[in-house]
Amino acid sequence: LLISKKNLNFLNFFLILLKKCDECLVNDRNKGPKCLTKSFFVISKLNSFFGKQKNTSQLNESFKLLKLNDSVLVQETDLLNQHFDSLDSVSLYKCSIADINKSAFDYYRKLKKLFIFMNNISRISDTYFHSLVSLQNLEISSNNISTIDAKAFSQLKRLERLGLNNNPIKRLSQEVFRDLTNLKELTLDGCQISSVETGLFDSLKNLTHLNISKNLIEHLPKGLFDK
């Protein structure tokens, strides 16, 4: 891969900027999101730069963490549709996301942590996370989710933690957790669930933490946790 001195300087600047932003998030939560929002023009330029490269593997192999918190600009770039396929963690907190393109995470098969809480998602489609075969932690709490497709999590075989709390979920399909055999922690507190179907948790053999408090549940079916 041939990189001109000008492009190399730009990439170095981008890496330094991301490092500074990450430091802001650690040291001062109020400064972090502002810093990331202001630096979004750099991300757009980087996206354009990568689009001209024939081989980006040497560039993206070191990227492990991407934070684009508190920025509506995340919807104005195709950054999530390409590059950075070595990422371990992506955080899209409070980005006004209402929908997720079915191919948005096709390049993220190594991703282990995905945080999309406090957005405007109303439905979890079975196409949203189908490519995230390595995902271990999925946090989609505090959205407007009322509907979850029965196969929404079917490809997340390695998932260990799932956060669905603080969503207006009223009903869960009996099959929705069927493929999450490695799940250890499930949070459903603060939803609007009024009833729980028998067999809903049958496949969760490794589950150790379950929170279904602050719902509208008046009784639990007999034998719900027998298996």
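Since this is a predicted model, take the numbers as computed values, not measurements.
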Inset, instruction - Take Glu139 and Ser141 through the test side chain to side chain donor-acceptor pair (under 3.5 Å) and record every step on the way to the result. - result: CA-CA 6 Å; Glu139 181 65 58; Ser141 60; 2.5 Å; yes
Inset, instruction - Could you tell me which residues satisfy side chain to side chain donor-acceptor pair (under 3.5 Å) with Thr181, sequence neighbours excluded, listed by chain and number? - result: none
Legend entry - Heavy-atom check, side chain of Tyr108 versus side chain of Ser134, under 4.5 Å: no
Inset, instruction - Could you tell me whether the side chain of Ile121 reaches within less than 4.5 Å of the side chain of Asn144, counting heavy atoms only? - result: no
Inset, instruction - Evaluate whether atom CZ of Arg158 has more than 12 neighbouring non-hydrogen atoms of other residues, nucleotides or ligands under 6.0 angstrom away. - result: no
Inset, instruction - Taking the six-membered ring for Trp and the single ring otherwise, decide whether the centroids of Phe117 and Tyr93 are under 6.0 Å apart. - result: yes
Legend entry - Closest non-hydrogen atom pair between Lys151 and Ser154, with its separation: O-OG, 3.0 Å
Legend entry - Side chain proximity check, Pro221 to Glu197, heavy atoms < 4.5 angstrom: no
Legend entry - Rounded distance (nearest 0.5 Å) linking atom CD1 of Ile148 with atom OH of Tyr128: 11.5 Å
Legend entry - Any His209 side-chain heavy atom under 4.5 Å of Lys184 side chain: no
Inset, instruction - Could you tell me which non-hydrogen atom of Ser131 sits nearest to which non-hydrogen atom of Phe105, and how far apart they are? - result: CB-O, 3.4 Å
Legend entry - Residue pairs involving residues 187-196 (criterion side-chain hydrogen bond (donor to acceptor under 3.5 Å, both in side chains); sequence neighbours excluded): Asn165-Thr187
Inset, instruction - Check the hydrophobic clustering (I, L, V, M, F, W, Y; side-chain heavy atoms under 4.5 Å; chains of links allowed) and say if Leu172 and Leu183 are grouped together. - result: yes
Inset, instruction - Determine the minimum heavy-atom distance between Asn215 and Gly190, stating which atoms define it. - result: ND2-N, 4.1 Å
Inset, instruction - Examine distances only and state if a side-chain atom of Asn143 and a backbone atom of Ile145 form a donor-acceptor pair shorter than 3.5 Å. - result: no
Legend entry - Closest non-hydrogen atom pair, Gly199 against Leu224: N-CD1, 4.4 Å
Legend entry - From CG (Leu180) to CD (Glu160), nearest 0.5 Å: 11.5 Å
Inset, instruction - Spell out, yes or no, whether Ile193 and Ile212 are grouped together once hydrophobic residues are joined by side-chain heavy atoms under 4.5 Å, including indirect joins. - result: yes
Legend entry - Inter-residue atom distance Leu114.CG - Leu159.CG, 0.5 Å rounding: 10.0 Å
Inset, instruction - Would you check if Ile100 and Ile116 make a side-chain contact, meaning some heavy-atom pair closer than 4.5 Å? - result: yes
Inset, instruction - Drop me the distance from Asn167's CG to Ser146's OG, to the nearest 0.5 angstrom. - result: 9.0 Å
Inset, instruction - Salt-bridge test for Asp149 and Arg123: reply yes if a basic N is under 4.0 Å from a carboxylate O, no otherwise. - result: yes
Inset, instruction - Would you please test Lys110 and Asp88 for salt bridge (charged side-chain N to carboxylate O under 4.0 Å, His left out) and show each step? - result: CA-CA 6 Å; Lys110 296 180 181 179; Asp88 284 336; over 6 Å; no
Inset, instruction - For residues Lys102 and His130, report the shortest heavy-atom separation together with the two atoms involved. - result: O-NE2, 2.9 Å
Inset, instruction - Determine whether Ile124 and Phe153 make a side-chain contact, defined as any pair of heavy atoms from C-beta on separated by less than 4.5 Å. - result: yes
Legend entry - Side chain to side chain, Leu135 and Asn137, heavy atoms closer than 4.5 Å: no
Inset, instruction - Please answer whether the main-chain N or O of Arg178 pairs with a side-chain N or O of Ser203 as donor and acceptor at a distance below 3.5 Å. - result: yes
Legend entry - Closest non-hydrogen atom pair, Leu156 against Leu132: CD2-O, 3.2 Å
Inset, instruction - Could you tell me the separation between the CD atom of Gln136 and the CG atom of Leu111, rounded to the nearest 0.5 Å? - result: 10.0 Å
Inset, instruction - State plainly whether one hydrophobic cluster holds both Leu87 and Ile97, where clusters connect Ile, Leu, Val, Met, Phe, Trp and Tyr through side-chain heavy atoms under 4.5 angstrom apart. - result: yes
Inset, instruction - Check whether Leu207 and Val176 end up in the same hydrophobic cluster, where Ile, Leu, Val, Met, Phe, Trp and Tyr are linked by side-chain heavy atoms less than 4.5 Å apart. - result: yes
Legend entry - Any side-chain heavy-atom pair of Leu188 and Leu186 under 4.5 Å: yes
Legend entry - Lys214 NZ: over 12 foreign heavy atoms closer than 6.0 Å: no
Inset, instruction - Give, for atom CG of Leu138 and atom CD1 of Ile140, the distance between the pair rounded to the nearest 0.5 Å. - result: 4.5 Å
